[in-house]
**Q** 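I'd like to ask some things about the structure below.
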Amino acid sequence: MTVTEAPRNCRPDSLKIAPAGDWRYYSPPPDRIGMGFPMAPELNEPQIEAVTHASGPLLVFAGAGSGKTRVITYRVFHLLAEHQVPPYRILTVTFTNKAAGELRERLRRLTGEGVTNDLWVGTFHAVCARFLRRYHDAVGLERSFSIYDESDQRAVVTRVLRELGLDERRLPPKIVLSRIHAEKREGRGPDAVELDSTFDAALRDVYQRYQAALVAANAVDFEDLILHVMRLAEEPEGIVGRELRSRFAHVLVDEFQDTNLIQYRLLRALAATTQNLCVVGDDDQSIYRWRGADVRLIRGFRRDFPQATVVKLEQNYRSTGHIVTAALGVIAPSATREPKRLWTAAEAGAPVRVVAAGDERDEAAFVVRTIQQELGRNTDARQIAVFYRIHAQSRVIEEALRGERIPYQVIGGMKFFERAEVKDLLGYLRLVDNPRSDADLMRVINVPARGIGQKTVQRLLEVATGRGSAAYDAIDAVLRDGGLGSAAKSKLVAFRDLVEGLRHAATDTPPHAMARLVLERTGYRDALREEDTAESDARLENIEELVGSIVEYEAESVDTGEPATLRGYLERVSLVAAVDGMKDVPCISLMTVHGAKGLEFTSVILTGMEEEVFPYRGVGGDHPEELDEERRLAYVAVTRARERLAIVYAAQRTLFGQTRYLAPSRFLADLPRSAVVHERASARAPIAGRFDRGAVGLADGGCRSPAPGSGERIVDPEFFDDLPPTDDTSGIRPGRRVFHRRFGEGTVEGIESGAKPIVVARFEGFGVRKILAEFLELA
DNA sequence: CCGTCTACCATTTTT
DNA sequence: TGGTAGACGG
């Protein structure tokens with residue numbers, strides 16, 4: 001969704017410009033007249049049809065790079081300006097918060113400030129959270145409910161499994177949890193689980209208790225957000241249901257191909273009154289099957305809405321000809337597709353480079369060279385991206401980039417919010433907002449150590465489960481007849497006093513100040529300071545960064561006019577996507593192909609194009625459907641590139657500590673010959689381009705690859721020998737130039753001693769930073 | 001009750 | 001390979 005200004009490669013003469021008469025639709029609202037409203041935006045015929053469609057269901061098949069975001073933006077604008085629909089009666093559901101922000105921003109430019117703030121724009125989860133804050137009563141929650149992330153959810157499941165005396169090895173929490181989520185996504189409660197096996201019977205019990213535990217903790221998981229609101233919206237009689245069904249005059253959905261069943265049901269309910277449901281998507285880009293996305297929903301939309309108007313956007317404005325041709329080759333073999341033909345009026349441009357590498361280091365070296373060439377021809381670093389199928393591939397590339405001092409950012413991984421100290425602080429803050437949140441209580445009750453041990457916590461949980469209440473609410477009962485010693489009791493009381501004190505303070509303390517108060521009163525900061533190790537210093541730094549992010553949130557709130565609340569911040573943190581963390585700093589981006597969805601770059605390097613890696617295969621054979629999804633994923637990857645695309649495959653790769661020979665991906669064989677050139681990354685690479693349909697993707701096709709799944713290991717003993725050492729800090733002293741992964745090059749101003757030295761350095765564009773020496777390298 | 005060590009685990013993609 | 005959960009010793 002980084003579509004920004006006019007499409008890059010569109011030639012004016014090839015654009016179908018709408019007849020002049022049509023522009024009356026875009027007459028600006030009175031307060032915008034004379035403020036630079038673009039009077040003749042270039043839209044082609046189908047785009048205009050989608051934008052001006054007045055009422056009733058609308059299905060837009062939007063091919064890759066076909067101007068989808070423009071269509072949504074202008075459609076919303078058209079509804080506001082031409083049909084005078086009040087902004088608060090238009091709901092637009094996007095896939096990420098970033099996409100929502102961009103849509104808002106573009107509309108702001110068209111309509112002005114006030115109107116945009118009243119629009120409903122957000123992800124399914126964010127929108128539902130907002131509804132639930134309002135209708136919490138109807139689903140048995142308090143307004144202050146918490147949103148549990150994956151690890152919180154797992155903690156709940158583990159606790160439930162133990163309470164039920166079930167074997168965690170036979171029922172791994174992870175598997176159980178994914179089954180529960182699958183049930184929820186199909187709209188089934190615990191009682192509706194179909195019993196096909198003893199596993200299902202156990203699952204039903206666990207699901208039941210899991211749900212009860214969430215309710216007791218005044219918490220929801222991600223699926224609950226949707227499911228609760230969907231149920232409310234479908235409720236035929238209730239006031240809430242009626243309100244939800246008539247609230248919006250228009251509902252628009254982006255990336256509809258990745259919608260799951262309960263999301264779809266929710267949409268249908270929300271649009272029930274007017275039937276003004278506009279869905280935009282591309283079945284060729286459906287890549288979230290594992291998360292419940294169901295391509296059949298977009299493919300079958302016409303069955304559910306026979307009166308739907310269907311528009312197909314087939315002209316690609318993003319990529320040059322060879323890239324579009326390559327993309328079409330990759331997607332063509334896909335089993336069942338909505339018929340459509342993507343085309344471009346752009347020139348052919350550079351052919352797609354298909355590059356053979358010896359191994360992943362060879363590949364990384366190629367990546368680095370290619371990036372340097374791009375930078376050499378003045379390509380904006382922000383317009384360069386490296387894609388991989390799985391995160392585990394990123395490390396080697398990162399090392400190579402660091403070696404050449406190329407600043408980069410890794411999108412996703414979301415490591416920051418997974419750090420213990422970050423989760424601890426957030427845990428306290430969530431507890432302040434919602435003391436009943438058991439997962440948070442258990443997390444922080446003894447952090448820093450305050451003498452509340454296993455036994456006390458165990459007792460607390462037992463009593464809580466017995467009363468069907470949250471642990472926090474069970475403290476009184478435990479004190480009365482929990483059989484605890486007086487020391488344990490007084491410590492428990494002290495903890496509660498601590499939390500109550502914080503809660504009291506929270507009523508008139510801004511969020512960032514609350515964070516500092518927590519750090520102080522809980523002794524968390526002192527404990528870390530006392531520790532005084534490199535690690536504790538790094539933790540303090542992370543905590544400061546978290547506080548900084550709260551300050552940032554507060555500043556943004558001033559812009560949007562929404563009050564900055566602790567709850568608002570916590571909700572935001574819970575619902576961020578990987579790309580939401582993408583910063584607009586001048587450096588190249590590394591990300592998984594999933595993370596690249598909706599983005600575009602001038603130059604893209606797609607790595608790891610080998611069988612087993614892409615298409616990825618874990619245990620289990622290849623289900624045709626899963627293979628199809630991998631193919632669509634490859635299609636997404638290829639279509640992100642505007643002008644230059646290189647696709648790299650390595651003959652040998654080490655992943656998860658295992659080195660194997662891998663055959664080139666079968667998808668390479670689908671690239672039309674006219675659109676590609678073959679190269680070798682180095683002399684260590686196999687002969688380039690020696691594959692055709694017979695050779696690619698098949699173990700017997702002339703590649704020295706062990707049979708898939710044979711488990712054969714081929715380890716190169718010299719492999720790790722010359723990786724750069726990471727802990728060499730000896731050469732750093734004031735005045736020297738150093739390199740940091742995020743900040744790029746800087747000058748050392750001083751060194752603070754400690755268990756591990758901290759370097760004070762000034763970075764261009766980032767100012768003075770204090771950084772542990774181990775994170776720096778000499779430039 | 002605390003922290004450290006070890007052995008074991010699995011090992012995609014993420015709201 | 002690296003993270004995590006559980007056991008063990010202090």
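Throughout, a chain's letter reflects where its sequence line sits, starting with A, and its residues are numbered from 1.
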**Q** Please list, chain by chain and in numerical order, all residues satisfying ring-ring contact (aromatic ring centres under 6.0 Å, His included) with A:Tyr210, sequence neighbours excluded.
**A**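 For A:Tyr210 there are no ring-ring contact (aromatic ring centres under 6.0 Å, His included) partners, ignoring immediate neighbours.
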**Q** Which is true for A:Asn446 with a 4.0 Å heavy-atom rule: it touches a base, it touches only sugar-phosphate, or it touches nothing?
**A**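 A:Asn446: backbone/sugar contact only, no base atoms under 4.0 Å.
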**Q** For a quick check of understanding: with a heavy-atom distance under 4.0 Å over all strands, which category does A:Ser178 fall into, base, sugar-phosphate or nothing?
**A** nothing
**Q** I want to check a possible cation-pi pair here: A:Arg154 against A:Tyr148, using under 6.0 Å from ring centre and within 45° of the ring axis as the test.
**A**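 Negative - A:Arg154 is either too far from the ring of A:Tyr148 or too far off its axis.
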**Q** With respect to the side chain of A:Arg395, which nucleotide from B:dC1, C:dT1, B:dT15 is positioned closest?
**A** C:dT1
**Q** Calculate the interatomic distance between A:Glu571 atom CD and B:dT15 atom P; express it in whole Å.
**A**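 Nearest whole value for this atom pair: 15 Å.
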**Q** In whole angstroms, how far is the C1' atom of B:dT14 from the CG atom of A:Asn260?
**A** 13 Å
**Q** Could you tell me whether A:Lys174 contacts a base, only the sugar-phosphate backbone, or nothing, with contacts defined as non-hydrogen atoms closer than 4.0 Å?
**A** sugar-phosphate
**Q** Could you measure between the two C1' atoms, the one in C:dA5 and the one in B:dT12, and give it in whole Å?
**A**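 So the two C1' atoms sit 23 Å from each other.
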**Q** Answer yes or no: does a side-chain N or O of A:Arg154 lie under 4.0 Å from OP1 or OP2 of C:dA5?
**A**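 No.
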**Q** Can you sort out the partners of A:Tyr288 under ring-ring contact (aromatic ring centres under 6.0 Å, His included), two or more places apart, ordered by chain and number?
**A**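 A:Tyr288 satisfies ring-ring contact (aromatic ring centres under 6.0 Å, His included) with A:Phe95, A:Trp290, A:His594 once adjacent residues are dropped.
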**Q** Counting side-chain heavy atoms from CB outward, which of B:dC2, B:dT15, B:dT13 is closest to A:Thr592?
**A** B:dT13
**Q** Closest approach to the side chain of A:Thr456, judged atom by atom: which nucleotide of B:dC1, B:dT14, B:dT12 is it?
**A** B:dC1
**Q** What integer distance in Å separates A:Met230:CE from B:dT15:C1'?
**A** 17 Å
**Q** Over all strands shown, is A:Glu223 touching base, sugar-phosphate only, or nothing at heavy-atom distances under 4.0 angstrom?
**A** nothing
**Q** Does A:Val206 reach the side chain of A:Arg179, with side-chain heavy atoms less than 4.5 Å apart?
**A**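 Result no, sub-4.5 Å side-chain heavy-atom pair not found.
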**Q** Would you call A:Asp258 and A:Lys597 a salt bridge, using N to O less than 4.0 angstrom?
**A** yes
**Q** Give a yes/no verdict on base stacking between B:dT13 and A:Tyr288: centres under 5.5 Å, planes within less than 30° of parallel.
**A**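 Answer is no, no stack.
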**Q** When you get a sec, tell me which of B:dT14, B:dT15, B:dC1 is the closest nucleotide to the side chain of A:His391?
**A**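 The nucleotide sitting nearest to the side chain is B:dT14.
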**Q** CD1 of A:Ile390 versus C1' of B:dA10: gap in Å, rounded?
**A**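 To the nearest whole Å, that distance equals 13 Å.
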**Q** Between B:dT13 atom P and A:Phe95 atom CZ, what is the distance in whole Å?
**A**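 Interatomic distance, CZ of A:Phe95 to P of B:dT13: 15 Å.
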**Q** Taking donor-acceptor contacts at under 3.5 Å, does the side chain of A:Arg389 reach the base of B:dT12?
**A**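 When only heavy-atom distances are counted, A:Arg389 does reach the base of B:dT12 through a donor-acceptor pair under 3.5 Å.
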**Q** Would you mind reading off the distance between A:Ile147 atom CD1 and B:dT14 atom C1', rounded to a whole angstrom?
**A** 15 Å
**Q** Look at all strands and tell whether A:Arg632 reaches a base, only sugar-phosphate, or nothing, counting heavy atoms closer than 4.0 Å.
**A**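 Nothing: the residue A:Arg632, judged by heavy atoms under 4.0 Å, touches no strand.
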**Q** Can you check the A:Arg572 CZ to B:dT15 C1' distance for me, whole Å?
**A**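 One finds 16 Å between C1' of B:dT15 and CZ of A:Arg572, rounded.
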